[in-house]
Structure formats: structure tokens, C-alpha cells
Peer 1: 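Please find one structure pasted underneath; my questions will follow.
Side chains included, hydrogens not; waters and symmetry mates left out as well; all remaining heavy atoms used. Letters go in sequence order (proteins before strands), and every chain restarts at 1.
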Protein chains: 2
Amino acid sequence: MSLRFALLALLSSGAMTGYDVSKHFSQSVAHVWHAPDSQIYPELRRMSVEGLLEVETVKWGARGEKKEYHVTDAGFEALRAWVNTPIEVRRQRDPAFLKAAYLEWADAESVREEMRTQIRFHQSLLDLLEHTRATLLDRTHPTLVRRLARIPSADHDRIVAWKVFAYDGLIAQARLQIEWARRGLELVETFDSAGLAPLEDPPYASTPSP
Amino acid sequence: MSLRFALLALLSSGAMTGYDVSKHFSQSVAHVWHAPDSQIYPELRRMSVEGLLEVETVKWGARGEKKEYHVTDAGFEALRAWVNTPIEVRRQRDPAFLKAAYLEWADAESVREEMRTQIRFHQSLLDLLEHTRATLLDRTHPTLVRRLARIPSADHDRIVAWKVFAYDGLIAQARLQIEWARRGLELVETFDSAGLAPLEDPPYASTPSP
DNA sequence: TTTGACATGTAATGAGTTACATGATTTC
DNA sequence: GAAATCATGTAACTCATTACATGTCAAA
């Protein structure tokens, strides 16, 4: 259900074709809610069927066509209803933490590789998030530019502030993950230098116990 | 796919019936990978079909029956293969951050309610995580007790350390979310006291722009 | 004999992933 | 004429959610 509101929120910045949605999406909303094209196009269609969006078919070149999606009044209403209802709280489901809890089964080198992978991933995510945050603050972010152009300037500060707030949260999380993985890297050394081998064999046979 | 390894990891502490799995699950693995019973039972069956688990049917009372699941050698191998392969990195998908980025559409009171809900949720999660962490450290956690009983004591420290490490990550995340929501609470006051109303109407009509 | 814990699921639906499939237009 | 980008999806599958469904056993 969230994808629908992610798209509604994106399209509230101005009408776009499916292709533009997919491009803007990856540079903005995707940082908080990732989705592939194969999920975006069908959802846009569904939303227009349900009256949240209006489709305008636009000629493109000689034979080409594209669809431009506009948020309808019902769409804006749905968007406002969504932001004004308390969130559905979801419990965490992160494979990194799941795996971390059972690393006694891993050998030291795999743990190191795992932690390094984590650090690399979250570091490059962090770079991206910080860069995006900067383009929000200086108001050069393409989706933000479109958005602000249609809105009285009295509201600009607040719009930017909430987006920066969201990115601050994401940035803090990424930093945390990096720090955490670094501590994992330290931890594995203490065991490895103590000469502890991983649990290589089942601690009990696969025979049933009565 | 992760559910499978969550179950394998849990059952690596000793054989259990489906019911016991479901009970232990909610007190341990669920903190890193939540799943309802309706997902657990069928997955256990599938895993036994695929040879990762062995089922022993145990009589229970006069008419009752229960199934005890044992990790097979193939199961342990799969578990070890999983912890020794670098993780599939997944991009974030958190409705809280998604919503935060578009709070210019919300009215002040809804934002307050939202942030308070977030704080309440993560505070009670934090309490649970800290309590669980303590039972790991003093080694009274029921699943951990079962696990350690079957393993040479030389390995105990390391087993506990990785689990505590995982909980440390979760605890840090929960704290972060609370702090973040508190800053959201401050932010909404600055706008509300400035007398800014939410964007109550679409900033542009639903008419197509050429 | 009633309550609470024990025990095991199914069925329907929705959300998300992966891989594939196709063609037009613009720019070099 | 080739390459990049614009444009729009489908199909098959897996995973997760929600709601329901049913019965046993032990203890008070």
C-alpha cells in the first residue's frame, strides 16, 4: 500500500509520464521506499483506474505515445488522509541483524568479508544521502525544484525542512550501521586471535532425543 | 528465504515441536526477523520435505500428536553456507521515513500524534530489547540455555557475544528512532507556532499541463 | 466443566522480485 | 547507422499478511 502513497507524493510535485515518474522516483522517493519499474507502471495504471490519477495520452514523435499522470482531487484527498493517519508499525526484518545473531557458525574470514560488505554498502548509501540532502538544502534537487515552482514561497521552508528531516534520519541510520559493522570487525578479531574455530560440526547428532 | 535460515538457526539450539518453535521464535529470532505462525508451520514442513529437517512424530496424551523437528546434516550445512556467504543487501523500505518526507501535507496535530506513536512503539521495543540483552548476558534466556547446554563451554562466550552484538545494533537503532521522532516533535512546533497551515489544497488543479 | 495453554495448520489475498519483452526517438 | 535514452510494460514466482479453522490436553 505504501508504494501507492510514494507515487502520489511524488506526483504531487507535478504531472509526469510513467518514465519520468520512474526517473524522479529513483532520485528521491526511492531513498525511503524503493520499487522497480515493473512495480511502478502497473501501480500507476491501477491508481488511474481507481480515480487517484488522471491519464493524459501525449503524442511523442511520429508514432510514439506516452502517458502523463495527474493527481486528481481524490488523489490529493487520499494523500492527505494518509499523512494524517498514524502509521502502521512494522516490525523489523533485517537479514544483517538476523545473520549477526548467529555468527558463531561462520568462520572469521567470512565475518570480516560480511562486515566489510556492510560498511561499503552503507558508506556509499551515506554519500548518496548526504549529497541528496545538500541538493535539498540549496534547493537544486530536480523533483524539489518542480515542487516548489507550484507552491507559494511561504511554504517552501517547511517543505524543505520535512524532507531534510527524513534524510537526517536515514543518514543517522547509515552512520549507525557503519559503526556497528566496525564493532563487528573488532569483535571477530578478539575471537580469531584467541584461536577459536567456528562451530564446524553440529553440536548434537541429527538423531531424535526423546 | 531468510525465514528458512531464521528457523534453522533457532532449531540449531536443539530439536523442537512446531509449537515450541513458534514460542521460542517470538522470544528470540523474531526480534530480528518477525514471522507469524501461519508462515512458520508451512515453512517447517517444506524444510523437512527438502531434507533440511527431520520430523519425528511424538504421541501427546491419548489422541494428540506433535511433530518434533531436528536439523539434519544437510540443514547444518545450509546454515553454515548461509552465514559464510556475503549478505544480499536490501534497500530500505520504511513507511515512517516515507511519510516523514511528505509531512507538509499533514496538519500539526497529526504530526504530533504520529511522532508520539513512533516514540511509544520504539520505547517499548527498546525495553524489550534491553531486557532480552540482559537475559543473554546473564545466560538465563530460555533459547540460549538450551543452546549452550549442548555445546562445549569454550564456545559459550563467543555465542553470547554475537547475540549481544546483534541486540546492541537493534538497541542503537531503536534509540535513534526515538531521538529522531523527538526532533520531529520539535520541528512541528516551530511551524505551528509560526501559524503555518498544512497544504490543504492541491497547489495546482488536476487539469493537464501541455 | 471450563479455562488456558498446547497443537497445527488452510485459504485468500497482496506485495515484491526477477527476468524477460518490445519498440520509438533522438543524438552522434 | 549505432548507441543512448525514452517509453511501457508482462509473466512467473516467491514471500508475507490477514483471517480463519479446528481440535487436544492438563489443571483448577
Peer 1: Please figure out whether A/Arg46 or A/Ser38 has its closest DNA chain C nucleotide nearer the 5' end.
Peer 2: A/Arg46
Peer 1: With A/Arg175, which residues qualify under side chain to side chain donor-acceptor pair (under 3.5 Å), at least two apart?
Peer 2: A/Glu130
Peer 1: What is the distance, rounded to the nearest whole Å, between atom CZ of A/Arg93 and atom P of C/dG16?
Peer 2: 12 Å
Peer 1: Between A/Leu199 and B/Ile151, does the side-chain contact (heavy atoms from CB on, under 4.5 Å) criterion hold? Intermediate values first, please.
Peer 2: CA-CA 9 Å; A/Leu199 306 180; B/Ile151 290 184; 3.9 Å; yes
Peer 1: Extract, from 5' to 3' on DNA chain D, the first and final nucleotides lying under 4.0 angstrom from some heavy atom of chain B.
Peer 2: D/dC15 to D/dC25
Peer 1: What are the two closest heavy atoms between A/Ala96 and A/Gln118, and how far apart are they?
Peer 2: CB-NE2, 3.6 Å
Peer 1: Give, for atom CG of B/Leu11 and atom CZ of B/Arg147, the distance between the pair rounded to the nearest 0.5 Å.
Peer 2: 9.5 Å
Peer 1: Can you sort out the partners of B/Arg182 under side chain to side chain donor-acceptor pair (under 3.5 Å), two or more places apart, ordered by chain and number?
Peer 2: none
Peer 1: Could you check which residues of residues 22-37 of chain A get a heavy atom under 4.0 Å from DNA chain C? Sort them by number, please.
Peer 2: A/Trp33, A/Pro36
Peer 1: Within less than 4.0 Å of OP1 or OP2 of C/dC6, is there a side-chain N or O belonging to B/Tyr19?
Peer 2: yes
Peer 1: Does a side-chain heavy-atom distance below 4.5 Å link B/Val83 with A/Glu114?
Peer 2: no
Peer 1: What protein N or O atoms touch nucleotides 25-27 of chain C N or O atoms at under 3.5 angstrom, if any, and at what distances?
Peer 2:
residue	atom	partner	partner atom	Å
C/dT25	OP1	A/Trp60	O	3.4
C/dT25	OP1	A/Ala62	N	2.7
C/dT25	OP1	A/Arg63	N	2.5
C/dT25	OP1	A/Gly64	N	2.9

Peer 1: In whole Å, I'd like the distance from the CG atom of A/Leu3 to the P atom of C/dG16.
Peer 2: 7 Å
Peer 1: Among all residues two or more places apart in sequence or in another chain, which pass the side-chain contact (heavy atoms from CB on, under 4.5 Å) test with B/Glu186?
Peer 2: none
Peer 1: Return the set of residues passing side-chain contact (heavy atoms from CB on, under 4.5 Å) with A/Val55 (not counting sequence neighbours), or none when no residue passes.
Peer 2: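 For A/Val55 the side-chain contact (heavy atoms from CB on, under 4.5 Å) partners, ignoring immediate neighbours, are A/Ser48, A/Lys67, A/Tyr69.
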Peer 1: Whole Å only: how far is the NZ atom of A/Lys59 from the P atom of C/dA24?
Peer 2: 16 Å
Peer 1: With sugar-phosphate meaning primed atoms plus P, OP1 and OP2, does B/Ser2 contact a base, only sugar-phosphate, or nothing at under 4.0 Å between heavy atoms?
Peer 2: nothing
Peer 1: Partners of B/Glu50 by side-chain contact (heavy atoms from CB on, under 4.5 Å), sequence neighbours excluded?
Peer 2: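 Partners of B/Glu50 by the side-chain contact (heavy atoms from CB on, under 4.5 Å) criterion, ordered by chain and then number, come out as B/Arg4, B/Arg46.
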Peer 1: Is there any ring-ring contact (aromatic ring centres under 6.0 Å, His included) pair reaching into residues 9-61 of chain A, and which pairs are they, with sequence neighbours excluded?
Peer 2: A/His31-A/Tyr167
Peer 1: Could you give the NZ-to-P distance, from B/Lys67 to C/dT8, as a whole number of Å?
Peer 2: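 These atoms are roughly 7 Å apart.
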Peer 1: Kindly write out the residues that satisfy side chain to side chain donor-acceptor pair (under 3.5 Å) with B/Gln92, not counting sequence neighbours, or none if the list is empty.
Peer 2: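 Partners of B/Gln92 under the side chain to side chain donor-acceptor pair (under 3.5 Å) test: A/Gln173.
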Peer 1: On the 0 to 90° scale, with breaks at 30° and 60°, tag the A/Trp82-A/Phe5 ring pair as parallel, tilted or perpendicular.
Peer 2: parallel
Peer 1: Which whole-number value in Å describes the distance from B/Met1 CE to C/dT18 P?
Peer 2: 13 Å
Peer 1: Would you call the rings of B/Trp180 and A/Phe165 parallel, tilted or perpendicular, where under 30° means parallel and over 60° means perpendicular?
Peer 2: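 Parallel: the ring planes of B/Trp180 and A/Phe165 meet at under 30°.
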Peer 1: If you assign each of B/Asp20 and B/Gln39 to its closest nucleotide in DNA chain C, which residue comes earlier from the 5' end?
Peer 2: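 Closest to the 5' end, via its nearest nucleotide, is B/Asp20.
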Peer 1: Quick one: is C/dA15 close enough that its OP1 or OP2 comes under 4.0 Å of any side-chain N or O from A/Arg90?
Peer 2: no
Peer 1: Estimate the overall bend of the helix from C/dT1-D/dA28 to C/dC28-D/dG1 from the end axes over five pairs each, rounded to 10 degrees.
Peer 2: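 Answer for the end axes of this duplex: 10°.
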Peer 1: Taking atom P of C/dA15 as reference, at what distance in whole Å does atom CZ of A/Arg4 sit?
Peer 2: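 Atom CZ in A/Arg4 sits about 8 Å away from atom P in C/dA15.
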Peer 1: I need the full list of ring-ring contact (aromatic ring centres under 6.0 Å, His included) pairs touching residues 113-137 of chain A, with sequence neighbours left out, sorted by first then second residue.
Peer 2: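 ring-ring contact (aromatic ring centres under 6.0 Å, His included) check on residues 113-137 of chain A returns no pairs.
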